[in-house]
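To start, the structure under review is shown below, and the notes come after it.
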Amino acid sequence: MNKELLQELKNKLEEEKKALEKDLASFADKDRRIKYDYDTRYPNLDDNTDTAASDSNAQEITTFDNLLALEHLLELRLKDVDEALEKIKHNDGSYGKCEICHNDIEINRLKINPAARICAKC
């Protein structure tokens, strides 16, 4: 892989990492003890209507459940992005190699998903 392409992919990964961290910070707090772990804050929804308290509680619980699921997905993606950046940083030839068959991951696949860990065949 040429240096220009590698730099392009690295830049994409760094931009995505910043975006993921920003998205996570909007509703979760980073756990300082566990890498890639965030703790979703319980939503405090403004209730400007005369709805019953139980309806408000149900809405808060639903929102919290949805945020937990989103948190998990974003954490996994952040981990993949960060691991790809580490592979590039170490410059040991592991970036762009399939973790299953150890062949090169297709360039077009990496352009679409620079954090790809496996090739299209695997």
Are [X] and [Y] side-chain neighbours, meaning at least one heavy-atom pair lies under 4.5 Å?
| X | Y | result |
| --- | --- | --- |
| Lys3 | Gln7 | no |
| Glu71 | Asp37 | yes |
| Lys18 | Lys22 | no |

Over all atoms of both residues, closest heavy-atom pair of [X] and [Y]:
| X | Y | answer |
| --- | --- | --- |
| Lys17 | Leu85 | CD-CD1, 4.0 Å |
| Ile105 | Cys119 | CG1-N, 4.0 Å |
| Glu106 | Ala120 | OE1-N, 3.2 Å |
| Lys12 | Pro114 | CB-CG, 3.9 Å |
| Val81 | Leu13 | CG1-O, 3.3 Å |
| Asp82 | Tyr36 | OD2-OH, 2.8 Å |

With rounding to the nearest 0.5 Å, note down the distance linking [atom1] in [X] to [atom2] in [Y].
| X | Y | atom1 | atom2 | answer |
| --- | --- | --- | --- | --- |
| Glu16 | Leu78 | CD | CG | 9.0 Å |
| Cys122 | Arg117 | SG | CZ | 12.5 Å |
| Phe27 | Asn66 | CZ | CG | 10.5 Å |
| Arg77 | Leu20 | CZ | CG | 7.0 Å |
| Asn11 | Leu6 | CG | CG | 9.5 Å |
| Met1 | Lys97 | CE | NZ | 8.5 Å |

Inset, instruction - Look at the side-chain heavy atoms of Ile, Leu, Val, Met, Phe, Trp and Tyr, link any pair under 4.5 Å apart, and say whether Leu74 and Leu76 land in one connected group. - result: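 No, no single cluster joins them.
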
Inset, instruction - Sort out for me which residue in Leu68, Ile61, Thr62 forms a side-chain contact (heavy atoms from CB on, under 4.5 Å) with Phe64. - result: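 Single side-chain contact (heavy atoms from CB on, under 4.5 Å) partner of Phe64 among Leu68, Ile61, Thr62: Leu68.
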
Inset, instruction - In plain terms, say whether Lys111 and Glu8 are close enough for a salt bridge, that is, a side-chain N and a carboxylate O under 4.0 Å apart. - result: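 Salt bridge flag = no for Glu8 with Lys111.
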
Legend entry - Carboxylate-amine/guanidinium proximity below 4.0 Å for Glu83 and Lys87: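 Judged by the 4.0 Å cut-off on N to carboxylate O distance, Glu83 and Lys87 do not form a salt bridge.
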
